[in-house]
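Working notes, beginning with the structure itself.
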2 protein chains.
Amino acid sequence: MPRKKADSPNAPLAPGQAATINDIARLSGVSKKTVSRIINDSPLVRQDTREKVQALMKELGYAPDPLARALAFRRSFLIGMVYDNPTAQYIVDMQYGALDALRGTSFELVVHPCDTRSPGYIEGVRRFVQQQKLHGVILVPRASEDQALVEMLDQIGCRFTRIAALPLDETSATVVTHDRDGAAEAADYLLSLGHRDIALITGPSAYRSAHERTSGFLEALERRGLRLPPERIIEAGYTFESGVAAAEKLLLGGQRPTAIFTGNDEMAAGVYKVAMRAGLTIPRQLSIIGYDDSPLASRLWPSLTSVRRQTRDTGRTAAAMLIQPEGSALRTASVRPHLAVRDSCQPPEL
Amino acid sequence: MPRKKADSPNAPLAPGQAATINDIARLSGVSKKTVSRIINDSPLVRQDTREKVQALMKELGYAPDPLARALAFRRSFLIGMVYDNPTAQYIVDMQYGALDALRGTSFELVVHPCDTRSPGYIEGVRRFVQQQKLHGVILVPRASEDQALVEMLDQIGCRFTRIAALPLDETSATVVTHDRDGAAEAADYLLSLGHRDIALITGPSAYRSAHERTSGFLEALERRGLRLPPERIIEAGYTFESGVAAAEKLLLGGQRPTAIFTGNDEMAAGVYKVAMRAGLTIPRQLSIIGYDDSPLASRLWPSLTSVRRQTRDTGRTAAAMLIQPEGSALRTASVRPHLAVRDSCQPPEL
DNA sequence: CTGAAAGCGCTTACAG
DNA sequence: CTGAAAGCGCTTACAG
């Protein structure tokens with residue numbers, strides 16, 4: 001025998017059983033389709049019908065099942081976040097931001113760390129997107145900079161928002177973080193304190209963020225007539241250890257600079273270590289500026305002046321762009337960095 | 001007219017269209033039900049049938065749709081992670097660990113930060129679980145310690161795994177992190193270096209982790225005949241700022257201890273700040289041990305000796321417990337902490 | 001060991 | 001503005 005359903009016209013709801021669209025339709029005397037229209041904010045419903053049905057929904061605590069909607073829509077209510085090993089605070093802030101935008105909606109956040117250097121990673125993201133029929137994905141640097149990844153997503157018709165230091169192309173939805181401007185502000189600050197012998201420890205030049213921070217910093221110096229000699233510019237790897245190695249070159253032999261700007265806080269912590277070990281006093285003998293304004297910046301002693309990225313805002317904006325109605329979709333948004341001044345800089349000693 | 005389906009017996013697959021269970025059934029000449037049995041590893045399928053169908057699945061790159069399965073099962077393939085504001089590295093490590101266990105399965109990880117002090121948070125978790133029909137949730141401290149949360153989950157029949165410093169009850173699945181043992185190892189190490197005037201900065205006593213670390217530390221000292229006077233024990237809030245305040249009490253007036261153990265690395269960084277500001281040399285004049293082995297521990301100078309929690313292992317184990325077949329379910333697992341020795345301790349000056 | 005029918009809770013395509 | 005039918009891609013309950 002087929003399973004039977006309790007669909008007699010006025011059968012009350014089974015207690016403890018969540019209401020479905022069928023219950024709402026039956027008890028309010030309209031068709032499922034009309035209920036569906038109300039769920040989906042269709043204008044094709046008379047106002048009094050809408051109100052009557054909505055009142056019943058509220059009374060029964062009805063919420064449409066996202067799994068059923070997803071199956072019918074062929075698209076889930078999940079937003080993916082794809083990233084390749086950024087610092088923990090950055091990724092957590094990005095998650096909090098995205099969740100800010102998703103709160104109160106039916107959307108949830110699914111995380112997908114990956115390794116952009118591993119050969120199968122694009123295929124891994126494709127499976128992730130297609131299996132779960134994701135509504136869209138947020139691409140965090142450095143994954144966001146990978147053109148091959150973006151092409152794959154375009155090809156399978158997956159919405160995405162890129163987060164990037166600068167606009168990467170004409171077409172894709174992007175939250176631009178303007179790293180160039182943040183670095184320029186650091187340069188202006190050091191110049192305003194009177195520094196002239198300045199050094200720069202950059203992230204890997206293959207990262208757009210590193211490139212933007214470097215050129216933003218150097219161009220700001222050049223606007224004030226200062227051009228750094230090549231030996232004052234060292235490329236490192238955005239890691240603490242690489243910051244230590246770079247700082248050793250700058251501080252342990254020959255004449256040392258009076259100020260150092262590093263492409264992130266991790267490398268700045270490396271500079272601190274070398275400076276402390278060498279007995280240098282920060283900021284009296286050496287001024288330092290980092291980039292990220294991570295928790296580390298305020299934990300170090302003396303506390304580190306650093307460029308603050310509005311990471312949570314960035315994540316919120318990226319998620320909001322993905323869930324807004326198709327037509328109205330904003331293609332780009334901007335988030336501006338600014339310098340958080342603490343205790344690691346002062347005018348150079350004469 | 002009703003929508004028509006391409007279901008002629010040997011219709012080839014539409015190109016670019018993913019295969020469904022209907023395609024597999026039709027092309028391999030069995031019923032959907034048999035294909036379903038194979039998907040779900042039922043023993044009730046003849047071996048040759050199974051092999052024939054599996055070969056076709058592989059050829060067509062078929063993967064069952066988790067959304068459709070979820071709708072039919074009334075349970076999704078999503079694992080939730082519920083947490084209340086731990087440090088970024090801890091939560092990211094926990095996520096990586098959980099994802100390690102989910103890799104290669106159909107499960108994905110959905111994150112749910114919350115505020116256990118806000119009145120509606122349990123209701124928020126309930127909505128999260130019921131709306132998405134989560135397969136199960138991982139409860140991270142401090143959320144894992146909330147009995148009201150656990151009772152709600154039991155009541156709605158949601159699987160969960162708690163992560164906790166010690167077993168919290170007889171029944172719930174738990175990954176036990178044995179914080180007591182980690183703190184005891186820190187105590188033994190300080191004693192072995194010859195310290196006798198030792199101070200302790202604890203986390204909030206309402207946290208089980210703080211309680212366990214405190215009593216593990218004190219009991220290890222007592223086993224060696226040392227009992228700390230009350231003024232050597234200060235309760236703080238697990239934050240950097242509260243560590244600063246506690247360290248000021250210990251270091252700036254009267255006789256200072258020769259060693260301090262803090263309930264986490266954040267508070268240890270606060271001790272560093274106060275010590276540096278006061279011109280004390282670590283570890284010559286003051287030995288310090290933290291708890292967490294966060295990245296901060298190696299970024300500080302001198303690098304901080306700290307108790308390492310195997311957070312990634314913890315997350316992996318918790319997720320694995322949730323996705324294993326019902327019957328075989330392990331109820332508890334253990335992860336052991338151990339001391340990571342760095343440069344922040346030495347024998348006391350005479 | 002295998003299958004036909006009904007159902008999970010929604011939406012789409014069509015008709016009125 | 002509203003609705004009856006079919007479908008999304010699976011599983012369950014039952015029968016053989």
Separation of B/Lys32 atom NZ from D/dA13 atom C1', in whole Å?
15 Å
note: B/Phe73, atom CZ; C/dC8, atom P; distance rounded to Å ~ 16 Å
Can you tell me how far P of C/dG9 sits from CZ of A/Phe77, to the nearest Å?
16 Å
Can you check whether B/Ser36 has a side-chain N or O nearer than 4.0 Å to OP1 or OP2 of D/dT11?
yes
Which pairs, with at least one residue in residues 95-118 of chain A and sequence neighbours excluded, count as a salt bridge (charged side-chain N to carboxylate O under 4.0 Å, His left out)?
A/Asp100-A/Arg103, A/Asp100-A/Arg312, A/Asp100-A/Arg316, A/Asp115-A/Arg117
Can you identify which nucleotide, out of C/dT2, C/dC10, D/dC10, has its nearest atom closest to the A/Ile21 side chain?
C/dC10
How many Å lie between NZ on B/Lys133 and P on D/dC10, as a whole number?
18 Å
Its dot-bracket string being built from Watson-Crick and G-U pairs below 3.5 Å, with | for another strand and [ ] for crossing, DNA chain D has the pattern |||.||||||||.|||
Looking at A/Ser42 and A/Ile38, would you say the former's side chain and the latter's main chain have a donor-acceptor pair under 3.5 Å?
no
Walking DNA chain C from its 5' end, the first of A/Ala72 and B/Gln47 to be reached, judged by nearest nucleotide, is B/Gln47
Distance test, side-chain N/O of B/Asn22 to OP1/OP2 of D/dC10, below 4.0 Å:
no
Below 4.0 Å: OP1/OP2 of C/dT2 and any side-chain N or O of B/Thr49
yes
Among the candidates D/dC10, C/dT2, C/dG3, find the nucleotide nearest to the side-chain atoms of B/Val30.
C/dG3
Take atom CG of B/Asp41 and atom P of D/dT11, then tell me their distance rounded to the nearest Å.
11 Å
Can you say whether the rings of A/Phe107 and A/His135 are parallel (under 30°), tilted (30 to 60°) or perpendicular (over 60°)?
perpendicular
Hey, does A/Val35 reach any base, or is it just sugar-phosphate, or nothing, if we go heavy atoms under 4.0 Å?
nothing
For a side chain to side chain contact (heavy atoms under 4.5 Å, CB included) with B/Arg162, tell me which candidate from B/Thr332, B/Val175, B/Asp169, B/Ile138 qualifies.
B/Asp169
A/Arg37 vs B/Asn40, nearer the 5' end of DNA chain D by closest nucleotide:
A/Arg37
Atom-to-atom span, CG of A/Asp65 to P of D/dC10 - whole angstrom
17 Å
Kindly point out which of C/dA4, C/dG9, D/dG9 is positioned nearest to the side chain of B/Lys33?
C/dA4
Separation of B/Leu67 atom CG from C/dG9 atom C1', in whole Å?
13 Å
Rounded to whole angstroms, how far apart are CG on B/Leu71 and P on C/dG7?
14 Å
